[in-house]
Protein chains: 2
Amino acid sequence: MTKRVTLKHIANELHISIMTVSRALNGSPSVDKTTREKVISTARILGYFPNHIAKSLVKRKTHTIGVVVPEITYSFFPEAIRGIEEVVYKAGYNIMLTHSAEDSRREIAAIETLASKRVDGILVSVAESDTDFQIFQQVMQLGLQVVFFDRCVFKIGASCVSIDDENSALMVTQHLINHRYKKIAHLRGPLSVSISRYRLNGFKKSLKKNNIPFRENYIVESGFHESGGYNAMMQLINLPARERPRAIVAVNDPAAFGAMKAILEAGLRIPEDIAIVGFSDDIRVELMPTPLRHSCGCNKS
Amino acid sequence: MTKRVTLKHIANELHISIMTVSRALNGSPSVDKTTREKVISTARILGYFPNHIAKSLVKRKTHTIGVVVPEITYSFFPEAIRGIEEVVYKAGYNIMLTHSAEDSRREIAAIETLASKRVDGILVSVAESDTDFQIFQQVMQLGLQVVFFDRCVFKIGASCVSIDDENSALMVTQHLINHRYKKIAHLRGPLSVSISRYRLNGFKKSLKKNNIPFRENYIVESGFHESGGYNAMMQLINLPARERPRAIVAVNDPAAFGAMKAILEAGLRIPEDIAIVGFSDDIRVELMPTPLRHSCGCNKS
DNA sequence: TTGTAGGCGTTATCAC
DNA sequence: GTGATAACGCCTACAA
């Protein structure tokens with residue numbers, strides 16, 4: 001059905017060697033001008049497309065970067081992926097995109113596949129449920145570059161790109177305190193993920209710094225998604241009216257959105273009854289009726 | 001620096017042939033049970049990862065699908081990509097994701113790269129500015145499967161997956177008419193893209209069907225983005241108060257969002273002063289203060 | 001400037 | 001069951 005045109009075909013057509021064709025097409029200086037022109041024109045006529053697979057095999061380089069995210073549509077990942085694509089594109093690379101669906105087994109499978117497909121490097125934001133990180137060390141020993149972003153794994157010698165979560169959380173909380181809020185609750189992410197821990201720490205530190213008593217029941221796990229934020233917020237709303245927090249620091253924007261939904265559904269107003277701040281510049285933020293406020297201009301790209 | 005483990009290494013280690021190793025690892029039935037176990041265990045010990053590049057070269061199949069979108073973060077594409085990833089993952093494939101940034105030259109380059117990297121098929125949603133489609137025919141002649149989605153190119157024999165744009169637009173408009181709106185404007189997309197034309201047609205047909213006079217100045221080009229929607233809406237708002245439309249059919253949700261911004265900034269209310277409907281179930285929709293209404297449950301996945 | 005030999009890591013095919 | 005050999009399409013290295 002399909003006749004794949006190869007260097008050989010062009011070579012035969014022109015009665016020259018494969019190497020000359022290869023050189024001509026790759027812009028090698030040591031090739032006769034006339035020959036080069038002939039080669040290029042017949043390549044075009046025959047509809048030649050270079051076979052990067054063959055090239056990759058011999059060069060041991062695929063010019064492809066693997067990307068592993070927990071959920072493609074989730075939070076700021078579309079923008080991150082977009083940013084990554086832009087950068088690698090300019091460098092002459094492509095991205096192979098996989099998502100783990102927050103499932104660590106699937107994440108491992110994705111990384112193994114990427115390793116097998118011989119990507120030149122892997123960018124990964126780890127799944128919530130991760131506990132075993134030996135797969136990363138394994139592929140790193142293969143010479144594969146691994147760089148974490150947003151959700152990092154430390155202590156295995158890979159780089160990490162993320163904002164200063166602890167400090168950001170501290171500043172976000174401080175922001176609320178500066179606005180005279182005292183009853184501040186925190187919707188936290190799963191503690192297995194580093195950003196959750198850092199943000200929780202920042203939150204706690206800020207309270208301490210301002211001598212605001214820490215209340216255990218003001219820390220509610222929300223996970224990273226809207227439904228979790230919603231449920232967590234419901235818990236807080238169901239506290240006796242006097243106990244209810246007046247402000248919320250959500251671990252990220254999706255959780256904040258879920259919480260807002262719960263607040264509005266309960267007939268409460270934002271921020272008059274309960275104020276709320278999120279994280280990570282979700283694209284939806286600018287369209288919200290009540291803008292989420294951010295502590296800093298930190299950019300996560 | 002890196003010692004790539006190959007079948008050869010395993011074979012040498014065990015003093016057997018490469019083929020036996022290959023067969024053992026691929027679960028061929030015709031291999032001795034003991035040998036297989038030995039092979040598998042030393043493969044594990046040596047840290048062997050199969051080289052899909054080599055495999056692809058001989059099998060002429062990469063198990064990779066190329067995806068080309070105009071903008072990764074734009075409108076419903078994150079969800080579409082997510083859906084695509086889910087499907088191909090289950091089929092044992094991966095996706096190579098590229099974006100054209102609405103630039104047809106970049107789109108062509110992306111497709112050439114994907115063809116060179118020998119993806120097994122390409123899913124593409126074309127850029128706004130596209131005029132020349134010969135690249136698609138070119139790669140199709142190479143035996144590469146091309147399937148368009150959302151923004152299709154017709155008449156070149158490739159499949160297209162999208163909603164019935166004309167009918168949807170017709171129904172959306174009818175919906176407004178049923179609510180007694182008569183002064184209805186349309187923010188249209190670039191006419192080079194098929195969905196823009198279909199939606200415009202649907203809009204016109206609906207007016208005609210209901211004997212509502214068509215006004216040229218009620219059709220404003222907005223493009224597909226928020227900024228365009230904003231500018232287009234400003235034009236309409238700046239009409240003399242009596243001329244102003246009371247309802248808007250936007251070509252897609254981002255344009256609708258931009259328009260809403262313009263409306264609100266002008267101190268008008270939605271939908272009391274101006275009603276607005278979008279398209280394509282943008283993820284932000286459910287969070288909007290004034291929900292965008294949809295004509296049908298059409299799903300674009 | 002151009003050509004030849006060999007190999008990248010794997011599988012198809014045919015022998016044993 | 002297992003092995004040798006020849007591809008797959010290209011490039012490196014060396015020779016002419």
Side-chain angles (χ1 to χ4, degrees), chain A residues 2-40 43 46-64 113 115-120 142-144, chain B residues 1-40 42-43 46-64 113 115-120 142-144:
Chain A
T2 317
K3 46 167 185 177
R4 295 282 192 197
V5 182
T6 71
L7 293 184
K8 197 173 184 178
H9 296 157
I10 300 176
N12 289 344
E13 189 79 14
L14 263 39
H15 303 290
I16 57 180
S17 81
I18 294 179
M19 270 319 296
T20 306
V21 178
S22 172
R23 281 192 272 254
L25 257 21
N26 286 306
S28 159
S30 64
V31 71
D32 187 75
K33 204 175 175 182
T34 326
T35 349
R36 161 172 289 121
E37 282 165 4
K38 271 192 216 159
V39 169
I40 290 177
L46 263 43
Y48 172 77
F49 270 77
N51 187 329
H52 267 284
I53 295 295
K55 185 178 271 190
S56 293
L57 185 58
V58 43
K59 292 263 196 141
R60 287 140 175 251
K61 200 158 197 314
T62 53
H63 285 269
T64 301
T113 304
S116 275
K117 292 202 171 172
R118 292 297 190 263
V119 295
D120 297 332
L142 249 80
L144 229 179
Chain B
M1 49 174 285
T2 316
K3 48 168 186 177
R4 295 283 192 194
V5 182
T6 71
L7 293 183
K8 198 173 184 178
H9 296 157
I10 301 176
N12 288 344
E13 188 78 13
L14 262 40
H15 303 289
I16 58 179
S17 80
I18 294 180
M19 271 318 295
T20 305
V21 178
S22 172
R23 280 192 272 252
L25 257 21
N26 286 303
S28 158
S30 65
V31 69
D32 188 75
K33 205 176 175 181
T34 326
T35 345
R36 159 170 291 122
E37 283 164 4
K38 272 192 215 156
V39 169
I40 291 177
T42 72
L46 264 43
Y48 171 77
F49 270 77
N51 186 328
H52 267 284
I53 296 294
K55 185 180 269 190
S56 294
L57 184 58
V58 43
K59 292 263 195 143
R60 288 142 174 252
K61 200 160 198 312
T62 53
H63 285 270
T64 301
T113 304
S116 276
K117 292 203 172 171
R118 292 298 190 263
V119 295
D120 297 332
L142 249 79
L144 229 179

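Every chain is numbered from 1, with letters handed out A, B, ... down the list of sequences.
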Query raised in the report: Which residues satisfy the ring pair (Phe, Tyr, Trp, His ring centres under 6.0 Å) test with A:His52, sequence neighbours excluded?
Result: none

Query - Sub-4.5 Å side-chain heavy-atom contact between B:Thr42 and B:Tyr48 - result: no

Query raised in the report: If only atom types and distance count, is the side chain of B:His9 paired as donor or acceptor with the main-chain N or O of B:Arg4 below 3.5 Å?
Result: yes

Report summary line: With B for base contact, S for sugar-phosphate-only contact and - for none (protein heavy atoms under 4.0 Å), nucleotides 3-16 of chain D reads BB---BBSBB----

Requested in this report: May I ask you to verify if any side-chain N or O of B:Thr35 is less than 4.0 angstrom from the OP1 or OP2 atom of D:dG1?
Outcome: no

Requested in this report: Determine, stepwise, if the pair B:Leu14 / B:Thr35 fulfils side-chain contact (heavy atoms from CB on, under 4.5 Å).
Outcome: CA-CA 9 Å; B:Leu14 262 40; B:Thr35 345; over 6 Å; no

Query raised in the report: Donor-acceptor pair, A:Asn26 side chain versus A:Ser28 backbone, under 3.5 Å?
Result: no

